[in-house]
Undergrad: 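I have a structure I would like to understand better, so I am pasting it below and will then ask my questions one at a time.
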Amino acid sequence: MIKNRVSELIGQTPLLRLAVADGAGTVLLKMEQYNPTGTAKIRMARTMVDEAEAAGLLAPGGWLVESTSGNTGLGLALISAERGYKFTAVVDNHSSADKLRGMLAYGAEMLNIAGDDEALATAERDAVAERLAAEQGAYWTAQHVNQGNPNGYRPLARELHDDLGDEIHYLLGAVGTGGSLCGTGRALRERIPELRIIGVEPVGSIAFGGAGAPYHQSGTGSPEGSEIGDLVDYDLIDEGIKASDSEAFETCRYLARNFGVLIGGSAGGVVYKALELAQSVGPETTIVVLVCDGGEKYLDTVFNDDWMAANGLFDAQVVDRLASMLR
Ligand SMILES: Cc1ncc(COP(=O)(O)O)c(C=O)c1O
């Protein structure tokens, strides 16, 4: 089938079964890295723009602005290039360099508000995006509160149901804005009322309680001081759990080396938690993991031995556990 626009290539991503230990639950990875831009977030970027166009908020030649740690920005950069909008990404130094380079490749304008500071600056970024919109007439997509964000994942839920029917017992995903897990989960639960939805955030992220602390899983979680938007729907999420950076990154590295499966850091944490859950259920139980992006964007960090060592992230116990949970 021939497509006419690159956004028509979004979706229909594959499902990959993990080789879990005998007797464990079935773990299926929804491989969202097979979307344009290599991430699930292109789904919500397209929908936020579609909805803004339909509401008359974006006119031809219009200007979009978003505060982004990378993957949302990549999506908005691509859609803007496709549809002739100007896009300004407000970023800090926490984003992966490859995501920033990707946005530039699609012709985005980059506004780094962090100077030399390495820390995540979500609140400051949001304030700058809001000001650009208010003072200069750009349209701020405001991903933390925009319903187009969760709405963008309805097709993902449909794909899962088309492929698996009602036989999905658990849905696990990383929680940043909450758009991907809650958007997918809400739409899927309309079809499967008993579905259990489990959110995973980094240790140090504050959406599911606990003390705030710095973490290295990029693009996900809610750092201390950030506001948790309404899109994180606590009524929908049955359980919120935490993955450490070591659990997340050792999982990425283990899957790459033992199975040739290259996933991003946040997905590594979700997969680790899914494998733990799989130990306590039988093979007839199906656990679907939303893999937000691929590992290609993290070759300088998660897959770099020096970076892992410098940040004290190697953990042999996690590797042993992985070896016991996977074949
Ligand atoms: C790598 C990665 N993981 C997880 C998330 C969290 O997704 P959501 O904002 O839909 O909760 C994001 C969001 O940008 C991301 O880029």
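Start at 1 and go down the list; that is how both ligands and their atoms are numbered. Only a predicted model underlies this, so the values are computations on that prediction, with no experimental measurement involved.
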Undergrad: Please work out, at 4.0 Å between heavy atoms, whether the side chain, the backbone, both, or neither of A40 comes within that distance of ligand 1.
TA: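 For A40, no heavy atom sits under 4.0 Å from ligand 1.
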Undergrad: Look at atom 12 (C) of ligand 1 and find which of G199, G294, G219 reaches it with the closest heavy atom.
TA: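 The residue whose heavy atom sits nearest atom 12 (C) of ligand 1 is G219.
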Undergrad: Would you check the N or O atoms of V175, main chain and side chain alike, for any that come under 3.5 Å of an N or O of ligand 1?
TA: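 So ligand 1 has no N or O lying under 3.5 Å from an N or O of V175.
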Undergrad: Please confirm whether L181 comes within less than 3.5 Å of ligand 1 when only nitrogen or oxygen atoms on both sides are compared.
TA: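 No, since none of the N or O atoms of L181 sits under 3.5 Å from an N or O of ligand 1.
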Undergrad: Quick one: do E276 and R321 make a salt bridge, cutoff under 4.0 Å?
TA: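 Looking at E276 and R321, the cut-off is met.
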Undergrad: Ignoring angles and geometry beyond distance, decide whether S180 reaches within less than 3.5 Å of ligand 1 through its nitrogen or oxygen atoms.
TA: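 Right, the criterion is met.
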Undergrad: So, is T72 polar-close to ligand 1, with some N/O to N/O distance under 3.5 Å?
TA: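 It does not: no N or O of T72 is found under 3.5 Å from an N or O of ligand 1.
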Undergrad: Quick one: does ligand 1 sit under 4.0 Å from the side chain of K41, the backbone, both or neither, non-hydrogen atoms only?
TA: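 The side chain, only.
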Undergrad: Which protein heavy atom lies closest to atom 9 (O) of ligand 1, and at what distance to 0.1 Å?
TA: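 In this structure, atom 9 (O) of ligand 1 has T177 OG1, 2.6 Å as its nearest protein heavy atom.
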Undergrad: Can you name the atoms of ligand 1, numbered from 1 with element, that are less than 4.0 Å from a heavy atom of T220?
TA: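 Close to T220: 3 (N), 4 (C).
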Undergrad: Between N71 and ligand 1, does any nitrogen or oxygen pair lie at a separation below 3.5 Å?
TA: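 Yes.
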Undergrad: Using a 4.0 Å cutoff against the non-hydrogen atoms of G178, which atoms of ligand 1 qualify?
TA: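 What qualifies from ligand 1 is 8 (P), 9 (O), 11 (O).
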